[in-house]
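Reading through the structure tokens given below for one structure.
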2 protein chains.
Amino acid sequence: MSKLDKRRKEILWAIIQSHIDLNIPIGSILISQRFPVGLSPATIRNTMSKLEEMGYITQPHTSAGRVPTEKGYRFYVDTLMDEQTISINSDLTKELSERLSTITQDSDSLVKEATRTLSLFSRYLAIATPPKTEEILLKRIKFIKYENKKVLAVIISDEGVVKNKIIELDKIYTQKHLDMASNQLNCEFSGLTIRKVREKIAYQLYKEKTMCDQLVANLLYLCKDIIPLENDDFSLNGLSGTSNLPDFATMKQIKEIFRAIEDKRFMLKLLQLISESKGTQVFVGMENIFPAMSELSMVVSTYTKNKSVGGAVGIIGPTRMNYKKMISIVDHTAKALTQILSET
Amino acid sequence: MSKLDKRRKEILWAIIQSHIDLNIPIGSILISQRFPVGLSPATIRNTMSKLEEMGYITQPHTSAGRVPTEKGYRFYVDTLMDEQTISINSDLTKELSERLSTITQDSDSLVKEATRTLSLFSRYLAIATPPKTEEILLKRIKFIKYENKKVLAVIISDEGVVKNKIIELDKIYTQKHLDMASNQLNCEFSGLTIRKVREKIAYQLYKEKTMCDQLVANLLYLCKDIIPLENDDFSLNGLSGTSNLPDFATMKQIKEIFRAIEDKRFMLKLLQLISESKGTQVFVGMENIFPAMSELSMVVSTYTKNKSVGGAVGIIGPTRMNYKKMISIVDHTAKALTQILSET
DNA sequence: GTATAGCACTCTTCACTTGAGAGTGCTAAT
DNA sequence: ATTAGCACTCTCAAGTGAAGAGTGCTATAC
């Protein structure tokens with residue numbers, strides 16, 4: 001990895017900055033005009049030639065200006081951008097927090113509202129995963145007599161009701177009987193994460209451990225299907241906005257985004273990525289991660305609720321985007337979300 | 001309203017049919033070749049001239065063939081199409097039913113799966129509203145002690161759990177106390193529709209009727225916010241497919257669809273429309289109904305669950321679409337949905 | 001009187017050309 | 001090492017012209 005000297009960094013920065021602003025290939029003369037760096041176009045050309053050789057920029061055709069490559073953007077985000085102070089639009093932060101705090105409902109609605117706000121501010125496609133259910137701590141399981149053999153099973157966590165479903169038993173039980181059974185189950189499972197509960201149920205069913213109570217065994221079997229699996233859904237917002245943007249103007253990109261959205265594997269990839277590390281991450285030119293999404297970038301951050309439970313929130317936009325601004329917006333959205341979710 | 005004679009009907013039918021198949025302006029020679037109707041292009045031209053005068057077809061420019069107008073399509077759907085037997089692709093129907101019957105979950109998931117299947121078969125944008133909550137019959141309200149002052153309120157209907165929420169009371173009550181309160185509320189509200197329950201609650205709170213029990217009054221007040229409002233959400237599916245179709249090729253239309261999707265008022269319009277009448281309806285060129293959706297048509301049908309409760313399901317596509325096929329698909333989806341929802 | 005063949009006319013579409021403009025790389029001079 | 005000058009390449013936009021499609025009109029046949 002050959003390092004770039006000061007001049008090359010400056011020129012690269014100038015090219016990327018100009019390209020973000022103007023969305024056209026950037027020529028040497030343009031740079032010399034926009035940035036009074038004291039160099040003639042010819043000198044800039046020499047530097048650009050080197051930068052192209054090193055793979056940071058490229059030209060669409062022989063007589064065009066230079067356009068940053070994915071590598072160039074990557075370098076920009078990693079190195080060049082940090083050198084400036086990331087100034088945060090403070091009124092934006094304020095409005096963001098205000099918007100979110102008006103939503104007093106469950107965390108799912110909150111996350112949805114976050115995507116709405118995010119797409120509004122970013123003018124790109126906002127995406128978010130709901131809080132992971134896997135790591136939620138189970139508080140109690142409750143069975144309520146519903147009608148004859150039918151019983152309403154309710155799974156409750158710290159966060160509230162996680163899931164409920166009407167199940168049908170083999171015969172009619174009294175509410176008292178059900179209460180005893182649920183007590184027994186609670187003793188065993190209360191305080192564990194949803195994931196561990198599922199594992200434990202599977203284990204117990206596998207061992208066919210003789211239960212002291214037939215009803216408990218029965219309920220255990222039925223609960224297997226009720227314990228919620230990982231949420232395979234995600235919110236997104238800002239579709240209508242995206243089609244207005246100049247960068248999204250090509251059908252190709254529109255299609256790519258649609259594919260990505262409807263392909264649920266994308267979601268899994270995303271989850272994997274966010275779970276690996278915390279904080280705001282930038283994926284430039286996503287073809288390594290998700291083949292259909294070349295020419296697109298993603299700025300994504302994680303939010304948490306009670307330390308461990310959390311999800312991801314971010315935006316998808318063209319590779320050519322204002323990373324500085326976007327990182328700031330996403331970062332603050334994630335922070336605001338974390339804050340409000342922790343208040344409850 | 002001048003009626004069309006047999007020949008004009010035939011020519012109009014031929015034009016529309018050809019336009020649906022080929023998606024190009026239809027000229028007189030093309031018609032004479034595709035349909036050996038025994039007329040020369042010249043004669044067909046004369047007829048076409050008349051049809052244009054009457055507003056059923058139009059030409060994009062002087063030397064182009066004719067394209068059906070909205071009026072033309074309207075006439076086609078109303079009159080010309082019925083004259084053929086609407087043959088149903090029976091294996092399609094079968095697969096449709098099979099796909100839906102694999103989903104054994106709640107009705108919301110079922111409706112979502114229906115949109116997925118619908119978009120798959122139609123290759124257009126599928127849209128559906130979940131079952132209306134307003135007309136659901138309340139079965140019982142249940143309060144479960146949760147933690148100190150916190151109580152889990154569960155609203156149960158014939159269909160299962162409608163909504164649940166954790167509420168906080170002013171002081172600590174015993175479960176027995178809560179059971180008594182819920183019994184009292186059940187006596188009053190059980191068997192009414194959700195809408196009537198809400199109205200009744202509002203009325204009682206307005207009158208500030210002295211309750212025999214402070215707890216009941218308290219719960220009543222809290223329930224006001226729990227009783228679910230009309231669902232303002234709707235499923236849709238098939239976005240990625242739409243951008244592949246030749247008709248959706250223009251950005252203008254893509255934008256229109258996005259606008260329509262994100263504008264929730266559209267949803268309300270849709271609900272109004274479906275509630276007016278039952279059965280499959282076709283809206284050709286929707287600018288009267290929804291200004292942003294010119295150049296788009298909608299085929300929509302209603303499904304029911306237990307006679308009264310239901311929603312709408314349909315597709316949105318270009319004005320130039322295969323109405324016969326689409327009506328068949330939508331119709332069968334609605335029927336299949338009704339059937340499966342009634343089995344529970 | 002109705003249907004048809006012929007024909008002139010209009011308009012789009014596409015390929016091709018051309019000139020302007022932008023940007024580069026090379027070379028020679030500072 | 002930097003820069004001015006210059007030839008070169010390539011895109012883009014506008015213009016041109018031929019081909020093709022389709023119509024409307026008119027005269028003619030049945």
Side-chain angles (χ1 to χ4, degrees), chain A residues 2 4-12 14-19 21-69 72 246 249-250 320, chain B residues 2 4-12 14-19 21-69 72 246 249-250 320:
Chain A
S2 57
L4 296 173
D5 64 13
K6 185 157 171 284
R7 170 174 298 164
R8 287 177 186 168
K9 277 187 188 173
E10 276 174 4
I11 300 288
L12 181 56
I15 291 169
I16 293 180
Q17 204 58 43
S18 301
H19 188 247
D21 293 346
L22 306 172
N23 194 23
I24 49 168
I26 307 301
S28 54
I29 300 169
L30 184 71
I31 292 286
S32 71
Q33 284 171 347
R34 275 172 65 95
F35 302 90
V37 71
L39 294 172
S40 79
T43 315
I44 294 171
R45 272 204 289 283
N46 286 330
T47 315
M48 284 166 100
S49 185
K50 276 285 166 201
L51 284 170
E52 178 161 28
E53 202 176 284
M54 297 168 85
Y56 292 103
I57 52 179
T58 186
Q59 36 187 350
H61 53 82
T62 325
S63 77
R66 284 357 195 260
V67 166
T69 60
T250 62
R320 182 204 81 84
Chain B
S2 56
L4 296 173
D5 63 13
K6 185 156 170 283
R7 171 174 298 165
R8 286 176 187 171
K9 277 186 187 173
E10 275 173 6
I11 300 287
L12 181 56
I15 291 169
I16 294 179
Q17 203 60 41
S18 302
H19 189 247
D21 293 345
L22 306 171
N23 194 23
I24 48 168
I26 306 301
S28 55
I29 299 169
L30 184 71
I31 292 287
S32 70
Q33 283 170 348
R34 275 172 65 96
F35 303 90
V37 72
L39 294 171
S40 79
T43 315
I44 294 171
R45 272 204 289 284
N46 284 331
T47 314
M48 284 165 100
S49 184
K50 275 287 166 202
L51 285 170
E52 178 160 26
E53 200 176 284
M54 296 167 84
Y56 291 103
I57 52 180
T58 186
Q59 35 187 351
H61 53 83
T62 325
S63 76
R66 295 331 205 270
V67 165
T69 59
T250 61
R320 181 205 81 85

Exercise. Could you encode protein contacts along nucleotides 10-18 of chain D as a string, one character per nucleotide from 5' to 3', using B for base contact, S for sugar-phosphate-only contact and - for no contact, with a heavy-atom cut-off of under 4.0 Å?
Key: BS-------
Self-check item: Length of the CE-P vector between B:Met48 and D:dC25, whole Å
Solution: 15 Å
Quiz item: Contact boundaries of DNA chain C with chain B (under 4.0 Å, heavy atoms), 5' to 3'?
Solution: C:dA3 to C:dT12
Self-check item: Side chains of A:Lys50 and A:Glu53 in contact at under 4.5 Å (non-hydrogen atoms)
Solution: yes
Self-check item: A:Ile11 CD1 to A:Lys6 NZ distance, which is reported to the nearest 0.5 Å
Solution: 10.5 Å
Quiz item: How far does CD of A:Glu10 sit from CD1 of A:Ile15, to the nearest 0.5 angstrom?
Solution: 12.0 Å
Quiz item: If we only count heavy atoms from C-beta on, is the A:Val67 to A:Gln59 side-chain gap below 4.5 Å?
Solution: no
Quiz prompt | B:Arg45 CZ to D:dT26 P, straight-line distance once rounded to whole Å | solution = 14 Å
Self-check item: Interatomic distance, A:Arg8 CZ vs D:dA1 P [rounded to whole Å]
Solution: 12 Å
Pair up each side-chain donor or acceptor in residues 24-46 of chain A with any protein partner under 3.5 Å, not counting sequence neighbours, and list the distances.
{"unit_1": "A:Ser28", "atom_1": "OG", "unit_2": "A:Arg45", "atom_2": "NH1", "d": "3.1"}
{"unit_1": "A:Ser32", "atom_1": "OG", "unit_2": "A:Ile29", "atom_2": "O", "d": "2.7"}
{"unit_1": "A:Arg34", "atom_1": "NE", "unit_2": "A:Ser18", "atom_2": "OG", "d": "3.1"}
{"unit_1": "A:Arg34", "atom_1": "NH2", "unit_2": "A:Asp21", "atom_2": "OD2", "d": "2.9"}
{"unit_1": "A:Ser40", "atom_1": "OG", "unit_2": "A:Ala42", "atom_2": "N", "d": "3.4"}
{"unit_1": "A:Ser40", "atom_1": "OG", "unit_2": "A:Thr43", "atom_2": "N", "d": "3.4"}
{"unit_1": "A:Ser40", "atom_1": "OG", "unit_2": "A:Thr43", "atom_2": "OG1", "d": "3.2"}

Practice problem: Starting at CD1 of B:Ile16, measure out to NE2 of B:His19 and round the result to the nearest 0.5 Å. | Solution: 9.5 Å
Quiz item: Would you call B:Arg66 and B:Leu51 a side-chain contact if the rule is heavy atoms closer than 4.5 Å?
Solution: no
Quiz item: So which one's nearest nucleotide on DNA chain C is more toward 5', B:Leu39 or A:Leu30?
Solution: B:Leu39
Quiz item: Which part of the nucleic acid, if any, lies within reach of B:Ala64 when heavy atoms closer than 4.0 Å are counted: base, sugar-phosphate only, or nothing?
Solution: sugar-phosphate
